[in-house]
**Q** 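The structure under discussion is supplied below as structure tokens; questions concerning it will follow.
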Amino acid sequence: MDFLIDFFNLNDVQWVPQIVNIIWNGSLYSLFALGYALIFSVLGVLNLAHSAIFMWGAYVGLWAVCGNTVFDGQCPAVDVPVWWAIPAAMIGGGIIAILVDRIAFYPLRQRNAPRLSQLISSIGIAIMMVAIAELVFGKERLSMPLDAIPRRNFDIPDGLSIENPLDIGRIGLGMYVAEFNILLTPVRLQIIVVSLILMIFLGFIVTQTRLGQGMRTVAFSERVSSLLGVHVDNIYMIAFFISGALAGAAGMLYTLNSNVFLPSTGSELTLKGLTVIVLGGLGSIRGAVLGGYLVAAIEVYMVAATDYGGLADAVVFFLFFLVLMFRPQGILGQPLPDRA
Amino acid sequence: MKQRFKIVVCLLLIATLVLPLSAMAQDGGDEEETPRMGFWEECADPANLSGEIPIGVVFGLTGSIAQYGEPQANGVRLAEQEINESGYLGEEATVTFVYEDGGSDRETSIAAFEKLINEGVVAIIGPTLSSQAFGADPLAADAGIPVMGVSNTAAGITTMTGDPELDQFIFRDSLPESGVIPGTVATAVEILGIEDVAILYGNDDDFTASGYEVFVDALEEAGVEILLEETFSRGDVDFSVQLTKIIEQDPDALVVSALIAEAVQIVTQARQAGYDGPIIGGNGFNSPALFTDAGEDANGVIVGAAWNVGNPNELSEAFVEKYTEAYGNPPDQFATQSYVGAWLMATAVRCADSADPADIRDALASIQDFPSPLGLFSFDEDRNPVHDPVVQIVDDGAFAVFDESYANYFD
Amino acid sequence: MLSLKNVTRYFGGLTALNCVNLEASAGQVTGLIGPNGAGKTTLINNISGLDHPNSGQIIFNGHEVQRMAPHRITALGLARTYQNIRLFNEMTVLENVMIAQHFLGKSTLFHSLLQLPSHRKEERFIRQKSLDILEQFGLSHLQNELASNLSYGDQRRLEMARALAADPKMVLLDEPTAGMNAVETEQLGEKILDMKAAGIAVLVVEHDMALISQVCDIVYVLNFGEVLTVGTPDEIKRDPAVIEAYLGRDE
Amino acid sequence: MDTILNFFDKILQPIFEITTTLIQPILDQLQVIGLSGSVVNFMLIAAILGISIYFTLYCGMFSLANAGFMAIGAYIGAILTTQHDASLGEALIWGMFAGGLIALIIGVPMLRLKNIYLAIATIGFGEVVRILIREFDQLMGNLRDDPTVGGIVRDILGLLVEDVDARRLRITYGPQGITRIPRETEVAHLVVFLLVLAYFLYRFHHSRMGRAMAAIRQDERVAASQGINVVYYKNVAFFIGAIIASAAGVFSAHTIGTIGPEDYDFGRAVDILAYAVLGGLGSWVGPIIGGLTLEAMPEILRELKEYTGLINGLILLLIIIYLPGGLTSLFRPSFWLSRGRFDTAQRVVTAGIVLVAICNVLPYRLEAGAQGRVLGYEVWGLLPAFISVGVAFFLVQRISPKPEGGRYSVLLAGVAAGVWLAFLILGLVGQIENVTTGYYLHLIGMALIVGGALISYPPEIEAASQRKPEVA
């Protein structure tokens, strides 16, 4: 069975650089999926407009650093440090997510409509958001000027000295990157660091704060929590803001890495994000993180160790399918009540 | 102020009302000193033509495909303006290009074709994608209306129906990948002495997948060993996994079949990962975005294409200048081929001296050595384009002719 | 007719039913009482197949049914009502009753497509029979109303009619008098006695002791998932253990 | 097989001919408003797809798998007609067979899932189908050359393709897709198929099975304890939906003449869902109307092509939020007459919308048809309508339920009327002089909308066929 031997062939893989690839891809997936999972766990709805918020977050970030020229489809110069785009994208994403909630989910919630209607309305608003982005920012790709984003691999620049304690980390990183042939640019490092910070922060909010307690109560039962004096609508609004901010951050980091802004950005993540949260456990925050790294690992494995790189998506979806069949709550998820 | 206004308007869902107003016609400058397009001498001034001669144009103008469809439509608009202002079709007649959105799926372009055919156009230019052409072109052929693809590069476009009677109505002015890639590969192998390569291609897109097949055939023809083949999907932004694997194999060259969005990422990331050898690409690489988005990383990219912006050809230079003036950015290959396509259609009308589709078809088929930004242009017996493709290398942020002087470029 | 042997059901660490033994026979009304949370509804669900016991046997009409799908148990002749009324709200009253005779029918979609005589005969038969039952329950004037538009009492009656529509050998009634006034409760008692007279085994879960006294031949008292005691209604009323279970120990 | 097919051919051929003659006048009318040729085919195929998802929804299952089944039908059908010279009829039979078979295989494990889990699983199914079709040639090529399983794979592939040993296997043609599929689907085929389906649905509703499925949708557990075999009927509904979707796939492949795996992506699944949502699930007419409308709309509104995405999204959103019963609920007398279900203002507004929509499209379109060219100024008429519809909906639904809503609603209605009037004047100042009737009707419609908003009082926001909220 050559086929199977090939399939699990792990001998020729360059471990170190590929693991770095898993980490930074996985961080991005996790960051994207976190917001997805948060909304699912609090409201029990699948917000398929999440990738549209992701895309809008990226454009808001671009607008923040480029100024109004983006509306003419150009970004000739970046006026402020490019990293400012990330908080801008987070705030923008958060506000847009609240708008999405008010327009697409709130009226249905008020009417106590089936949750599947909310799935459909999220599709509707996602289509609209892409169309509006096309009108506002144009259909052609936008990008920041070439020199705005530090995009070289980490190396050891001239003028660093081992005597200077501040330079040691930089030298070590540069040597490490060179030694193992790793592809690690400042943006990618940024993705890893920012994602980890946000994940820890979200984890802290959900488990340690009153707000997180409120969220968990609302997730358990809307009725019970309003009886307990939790302001349910506020919780929803905050959940949407956090989810949108995470999507905005993910969108900004994603586009900083590729420097391509298109209204269709992120559409491929709608379903990928779905696989992430299903594999990890629907509605589980830790599950979303685990799922992100898992999906990244599968993708990297398929490309790096097998000759069937083109089937990576099929393998991910197949696993997704199996998990739903035999463990619908996902790997880390708790058995959920039957929510629609 | 205009931009802010636009946002507000848009959020109120009334942007429509502004756009028709702002879609002003461009001023046509006088172009006495620039060289002229067209068969002014070869075909006599038309005597029988009068009124507006409608020619349909179907490009993808909405959705993600619009990034290709918009430049195409711009190319045709520029040609339309030039043709009518110069009186190419005689005193009495003008050509009117009727633009329809072909969307990004087959159904929309089929519907657009049927609409145009019902409205009585005498010829059609488009659609944008080869996959759409396979669906829509037979409709025009059935109706006896000549159709010309200006961006369809898949194999077998002009013989798609399998019926010579119908096929004779299907033309294209876009060199198929098989007309560009073998020459590129052969030149690169000859000059650089390439012995083994790695291939990276998009496997979910008909353009990149067919480009990949042509590459494989051409590489085998040239006796080059393929060390490994890796794939990616449309919309991917990270190629480091594939590139890590490829670089480890240390190929003499990296062969890539990708559209420009992915091509830029691949080039950049390959360079970041420490690969400094040649990268050979097809038509998909041929876009100004390669320089604007990849910068100096693009150096050493070898591109075979029907046309590129650095083409040393008077008509081409004039076209680039006019296009840049009109639309604010330089044309890409799509715009150029659609511009030439519109001129070819007008030439066929002029030479046929008739607005009858059958006559136009005959005149189109007999066009030989038409001077154009693409070079001297002819159709072969299968109605595929014949003109010299350019094999160029990116050197110092610009395209340069790829010749013997680059033999030691990568050492 | 129905016999439960050592039926045990637990959810996680919580034991809902613990070694329950119960007998109910044809032509007899068996009562089941117990404080809230005693496991009465769990027991009914286990009998009707909506839930399955972890161990023990349930024998209905000579078949072991503890692992059987609910629709098959129904086909053996079991019908039930629900504590909180569960009608098909988007259907008319008549359709609600017709649904109950589903498993009696034989015709498939193809019979229906071709309008075979057997299909039409069957439809006529089911419709007529449903109308008869509605007549019995005094609902025939409402046959074309949507079930959701009925008054509470009518909905209760309709649920009972639906349960009887399939000619069951046994009926499980889960708190049938909830929300009814004394007169309605009395009328309901008459209906239950009619069923008993028709030879149907009835198992009724109830809080209303008046109804229990009116109709039951034998009463099981359930507490914390265990059968506390069994006896006639009079015996039960006097049993100090039952009183304690309901009212708590008198310190 | 051949004799049976010949027999059917003899019966069906005259039927198709008669149908063609009968529908010709309708087709002529449709052509006037810009719907002709393949567009009519696409509309009818959309209606068939709408019915395919209607079956699963009718049984209470939210399945997005039908794009996958459409792909299976299309590919099996196309392989048969292009490589084995099969007729459309044979392609249809085998395409439906293949779709049905796969539905039976995956149905048993998958249909244990409910609600959103089922929706997600079916999305996964669609993606797996699409990717496998795309990678089929390469994967099978590798398996074929494998020493152990190669023999069996060769045998199976032999059923699909003649040249099993070709250097590059050509069955699904990877991402390029299959071309040169004979365009044999005629409008008559689709009309007959749809009529058969309609009869099927009509009978279905009045059959034992139809009642059982409706019961399962409303309360699965109660249905089970009424003696209904829930698992069986769910599988049957899934199976019927799958074979209908497969048939639609075969028809569409033989209308377009070329297919590729990307034609059947998640977007297609959403489209199919939108047909059902737009039309409404209250009756089987809903998905048919939804499919026809949604497919015809972009053609009728070609001048608004820049805004197709915006309009499609907006329609989906407005319908699901404000008209959960879909378009068909407008045709139901109970919508207009019943007490307490829908508030008067909303009815008046809806009437206005319908009127505005009709008079915005029809007069211009008729005139456009008569002139043989499309008029650009439809934009002027349509957009204010959409805006005013949006504003009016907002007014009625969002402001008036609040106690202090009256004042605001008057204010906002005034603004809406003002905005609309401004656009009307702008439009009149523009090129529009000759189309007057449309504008009078338009005015009446607008008056109804604004009036409805003004008289609105706290409504019970409850639509005709809205389900009761689920119990968590």
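Proteins come first, then strands; the chains are lettered A, B, ... in the order of their sequence lines, and each starts at number 1.
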**Q** Among B:Ile247, B:Val241, B:Thr231, B:Leu228, which residue has the highest count of heavy-atom pairs closer than 4.5 Å to chain A?
**A**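 It is B:Val241.
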**Q** With a 4.5 angstrom heavy-atom cut-off, could you sort out which part of B:Glu230 is near chain A: side chain, backbone, both or neither?
**A**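 When you check distances to chain A, only side chain atoms of B:Glu230 fall under 4.5 Å.
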**Q** Within the side chain of B:Tyr68, is there an N or O that forms a donor-acceptor pair under 3.5 Å with the backbone of B:Gly60?
**A**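 Answer holds: no.
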**Q** In terms of heavy-atom proximity below 4.5 Å to chain B, should A:Thr255 be classed as side chain, backbone, both, or neither?
**A**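 Neither part.
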**Q** Taking the six-membered ring for Trp, are the ring centroids of A:Phe137 and A:Phe261 within less than 6.0 Å of each other?
**A** no
**Q** Measure distances from B:Asp293 to the heavy atoms of chain A and classify the residue's part below 4.5 Å as side chain, backbone, both or neither.
**A** both
**Q** Side chain, backbone, both or neither: which part of B:Phe291 has an atom under 4.5 Å from a heavy atom of chain A?
**A**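 When you check distances to chain A, only backbone atoms of B:Phe291 fall under 4.5 Å.
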**Q** Give, as side chain, backbone, both or neither, the part of B:Gln269 having an atom under 4.5 angstrom from any heavy atom of chain A.
**A**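 Its backbone and side chain both get close to chain A.
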**Q** Please determine, among B:Ala294, B:Ser240, B:Ala261, the option with the most heavy-atom pairs under 4.5 Å with chain A.
**A**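 Top option by heavy-atom pairs under 4.5 Å: B:Ser240.
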**Q** At a heavy-atom separation under 4.5 Å, does A:Asn257 approach chain B through its side chain, its backbone, both, or neither?
**A** both
**Q** Within a strict 4.5 Å, meaning less than it, do heavy atoms of the B:Ser151 and B:Gln72 side chains meet?
**A**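 With C-beta onward as the side chain, the pair touches.
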**Q** Just by distance, no angles: are the side chains of A:Ser27 and A:Ser195 close enough, under 3.5 Å, to form a donor-acceptor pair?
**A** no
**Q** Considering only heavy atoms from C-beta outward, does the side chain of A:Phe32 approach that of A:His50 to under 4.5 Å?
**A**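 SC-SC contact between A:Phe32 and A:His50 confirmed.
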**Q** What part of B:Gln272 gets within 4.5 angstrom of chain A, counting heavy atoms only: side chain, backbone, both, or neither?
**A** both
**Q** If you define the side chain from C-beta out and look only at heavy atoms, does anything of A:Met129 sit under 4.5 Å from A:Ile53?
**A** yes
**Q** In terms of heavy-atom pairs under 4.5 Å with chain B, which of A:Asn25, A:Val130, A:Asn259 leads?
**A**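 Maximum pair count with chain B is reached by A:Asn25.
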**Q** Will you find, in the side chains of A:Thr265 and A:Tyr59, an N or O donor that is under 3.5 Å from an N or O acceptor?
**A** no
